[in-house]
Amino acid sequence: MSELLLSVFGPRVPAEELRRHPVRYGTPTLLLSIARVLLLCSVFLPYWHMELEAPQYPDGLFLSAYVNHLTGDVKEIDGLNHYIGMRPLHEAAHFEKTLAVWAVIAMFLMVEGAMFIHSRWAVLLALPTVLFPFGFLADLQYWMSEFGQNLDPSAPLSASIKPFTPTVLGEGGIGQFRTYSEVGLGLWLAFAAAGVTIVAFCFHRRAYRPLYRRAKASLST
Amino acid sequence: MKTEQKHPRLAHAAVAVLLAGLAMGLVAPEASAQESRRRRTTQDAKPIELSPAQVADLTKIANERKLNVDDLVAAAKTFQPSGRHDEYITFASGGQSGQVFVIGVPSMRHLRTISVFTTEPWQGYGYSGDQDPVREMLKVNGREVTWGDTHHPALSETSAEYDGQFLFIGDKANARLAVIDLRDFETKQIVKNPLTVSDHGCAFVTPNSEYIIEGGQYATVLGYGYAPPEDYEKSYRGMMTLWKFDRAKGRVDVANSFAVEFPPYFQDLSDAGKLASDGLIFVNSFNAEMASGGVEKGNPPFEAGASKRDTDYLHIVDWKKAEAAFKAGKAEKINGFPVLTIKTTVAEGILHLAPEPKSPHGVDVTPDGKYIVVSGKLDPHVTVFSADKIRKAIAAKTYSGSDPYGIPILDFDAVKEVQLELGLGPLHTQYDDKGYAYTSLFLDSAVARWTLGGETAAKPAEGPWKLVQKTPVQYNIGHLVAAEGDTASPDGKYLISMSKWSVDRFFPTGPLLPQNFQLLDIGAPGTTMPVIFDMPIGVGEPHYAVMIKADKLKPWLVYPEIGWNPHTQALDPNAPKQGKEGVIRNGNKVLINMTAIRSHFNPEHVYLEEGDEVTWRITAIETTQDATHGFCIGGYNINLSLEPGEYAEMKFTADKPGTYPFYCTEFCSALHLEMMGYVHIKPRTKTAQADGDAPQPGR
């Protein structure tokens with residue numbers, strides 16, 4: 001095996017070694033499998049919720065964001081938003097929503113690929129999975145700010161409601177509404193996937209680093 | 001080697017943290033959602049304890065307002081804090097208002113009026129211009145009759161229990177029956193009786209709402225015929241119609257309905273048997289004398305002539321046999337409607353009479369169906385008939401004779417269970433869950449509580465068939481209604497006295513005074529039965545009411561789909577959709593497709609020409625509870641109620657040119673006043689006619 005191949009893909013595990021330490025080599029593979037399944041499942045679950053309360057809505061209004069669409073009282077919230085000059089919610093994050101499911105599939109495949117790479121480069125393939133939930137929140141924050149700060153100045157309630165940034169997590173308020181936002185089950189799963197991935201690499205390093213050193217040493221001799 | 005030992009511990013800790021995090025992730029959103037729901041619906045239901053200071057405050061208020069302890073207790077029994085719903089819902093007839101009132105019990109808050117036989121603008125009932133489906137429905141023999149004398153509401157039943165699906169009510173003045181769907185509390189159908197001009201015993205239902213009973217009242221020549229009053233006995237007839245109810249369609253199935261001919265005895269109230277008396281219908285009457293009046297000719301007036309004899313007749317109809325005879329083709333057609341004649345009903349054993357004390361009023365079957373209570377009205381007794389004895393007397397032909405039309409009369413002593421003297425003017429009877437019956441005493445202005453006897457489930461301590469208590473009411477009680485008080489399992493608790501006169505109870509509103517709905521607490525047995533609330537009804541004179549447990553009703557909060565047509569109770573293919581709004585002109589016929597949402601109509605400018613025939617369709621594309629819009633055009637007698645999801649169509653001819661603002665008539669939002677637009681109706685001029693592209697009104 002050439003040095004380049006070794007440093008990129010890492011050492012293969014000899015059959016004898018694998019039989020002697022099945023747990024050592026199986027753990028990172030298993031954990032990465034769990035991580036990518038968690039990530040895939042998260043696509044079907046809401047990533048974020050917002051509940052809006054106002055006197056005339058005693059049961060509240062609800063908004064849930066998935067990676068690729070919004071559900072809940074979108075129509076009613078859009079209807080209310082037109083009074084303050086906010087654009088309809090479906091116009092937000094168009095690019096991200098179109099790409100999200102494909103991106104998750106790509107991450108799924110990349111993590112699958114990482115299982116077969118026994119060098120430190122495997123981390124690169126798993127990095128998007130680790131960053132994904134943070135990226136989601138950052139993107140949400142960006143769009144909240146983008147929509148809230150760019151209100152139509154000629155809107156009917158422009159005298160009462162000045163540009164603002166809705167609260168992404170926790171309690172906020174706008175007009176007569178109190179808003180309560182929280183992470184949804186989907187995003188919890190994505191965080192879990194990120195965490196499991198990190199743990200997987202602890203085991204990955206423990207399993208393959210000695211092998212890698214040995215292989216490198218034998219190559220240089 | 002050292003590093004190899006450290007790693008697993010670190011990894012194990014990381015896994016543990018992760019799993020915990022994952023578990024929290026699964027639980028946390030659920031918990032916080034529950035938390036917020038609790039935040040909204042929490043109502044302080046903790047037991048209270050009054051401090052001496054609070055007692056002093058309360059006493060001070062009571063003394064300042066001149067309230068005694070009973071008043072305070074009554075207030076505590078009826079007051080509902082904001083947001084708390086009532087335990088029972090009462091549907092009361094609106095009398096001459098032609099409507100139904102929806103009232104919460106025990107708060108006695110008027111929740112809503114349901115338009116039935118009367119056009120009503122708030123609900124847009126009959127205000128959608130020409131060819132209005134409501135106005136079509138209200139026609140009586142081709143003439144628009146925009147009022148009714150609503151008398152007796154009846155809830156649909158399953159196994160003699162209210163199922164909360166439909167409400168039926170009769171119009172005494174015009175012999176009509178209406179069907180109200182309790183999903184949206186709106187009138188869906190009105191059927192006109194083709195045989196008779198007026199009715200009274202309507203509506204009552206058989207135990208599974210197979211049929212809705214419409215008992216007639218004043219005898220006429222059936223089918224709108226003519227005969228002079230001298231031919232009264234020969235040509236005038238009474239009747240009872242059995243309207244077949246199609247529950248799946250929520251409509252009366254006129255084609256499978258039929259009537260039973262009665263002698264001209266002025267049939268009065270009716271009730272369907274249940275359980276022990278299932279299969280029978282009871283109708284009483286008050287003119288067995290067949291008095292035909294004529295005070296102007298020196299005859300005794302109706303009031304004296306019809307009250308001469310000591311007895312009138314309880315009509316007993318075996319409706320299952322009647323249905324079989326109808327299905328066997330034994331009915332004759334009168335005015336195109338199948339009628340089982342007296343001859344047929346006698347031959348088939350469908351109809352029997354039983355003597356009852358003269359000119360009674362209500363006939364009310366006990367919860368177990370074993371007894372039929374006839375209230376004397378002019379006689380101080382209630383007469384209790386036994387269903388079992390009636391069946392035996394019919395089987396054994398224990399007759400005391402037959403009437404002039406050959407109908408067998410059952411021997412009174414053979415069918416009577418007991419007669420009980422209650423007081424003056426007994427009219428109607430309802431029941432509770434403790435074995436008591438409650439009878440209204442019109443002349444005594446009181447509600448009488450008395451015990452049922454025989455094999456009743458609950459045996460009150462006072463013993464069988466005993467008058468227990470009379471509570472005075474103010475004044476002249478007509479009907480009364482107890483919680484589910486005419487079902488197989490009444491609830492007790494509350495009873496409303498529907499007092500006809502209020503005299504001094506409220507501030508006098510000129511010579512015309514409201515009726516008085518008085519709530520009685522009948523929860524405790526024995527002699528405690530106080531009046532705890534007076535509710536004025538200033539819209540009409542209600543007759544009967546029905547009281548249902550509120551949780552049996554499952555009303556829609558908004559229409560199930562956007563574009564819903566309440567007349568067909570289905571999604572309407574003609575309903576304009578968002579994004580497809582516009583005006584389509586075809587000659588002088590103009591179709592407008594409009595949507596309404598807070599706070600605009602689309603389109604906002606509609607250009608018409610004088611003489612255009614306009615079909616204007618609007619969909620309220622709202623989905624939020626209570627986000628209702630109205631729509632009116634001044635001068636064209638148009639006002640619609642556009643409830644969330646509702647579709648409405650109106651038609652008119654643009655015959656008065658001008659510029660007409662249209663606007664939302666229901667304060668919908670902060671920009672409600674701005675929710676408007678214009679109809680521009682251009683006058684016909686020579687220049688307009690010269691414009692080749694604009695098609696001309698065809699006049």
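Throughout, protein chains are lettered first and strands after them, A, B, ... in sequence-line order, and every chain is numbered starting at 1. Computed over heavy atoms, backbone and side chain alike; hydrogens, waters and symmetry mates excluded.
- Atom OH of Y678(B) sits in a sparse spot, with 12 or fewer heavy atoms from other residues, nucleotides or ligands closer than 6.0 Å.
- Here the straight-line distance linking atom CD of Q625(B) with atom CD of Q56(A) works out to 13.0 Å at 0.5 Å rounding.
- For K580(B), the NZ atom counts as loosely surrounded, since its 6.0 Å shell holds 12 or fewer non-hydrogen atoms of other residues, nucleotides or ligands.
- When the shell of 6.0 Å around NE2 of H85(B) is examined, it contains 12 or fewer heavy atoms from other residues, nucleotides or ligands.
- Other residues, nucleotides and ligands contribute over 12 non-hydrogen atoms within 6.0 Å of the CZ atom of R178(A).
- No donor-acceptor contact under 3.5 angstrom links the side chains of Y57(A) and T624(B), judged on distance only.
- Side-chain contact between K75(A) and E622(B): absent, with no pair of heavy atoms (C-beta onward) separated by less than 4.5 Å.
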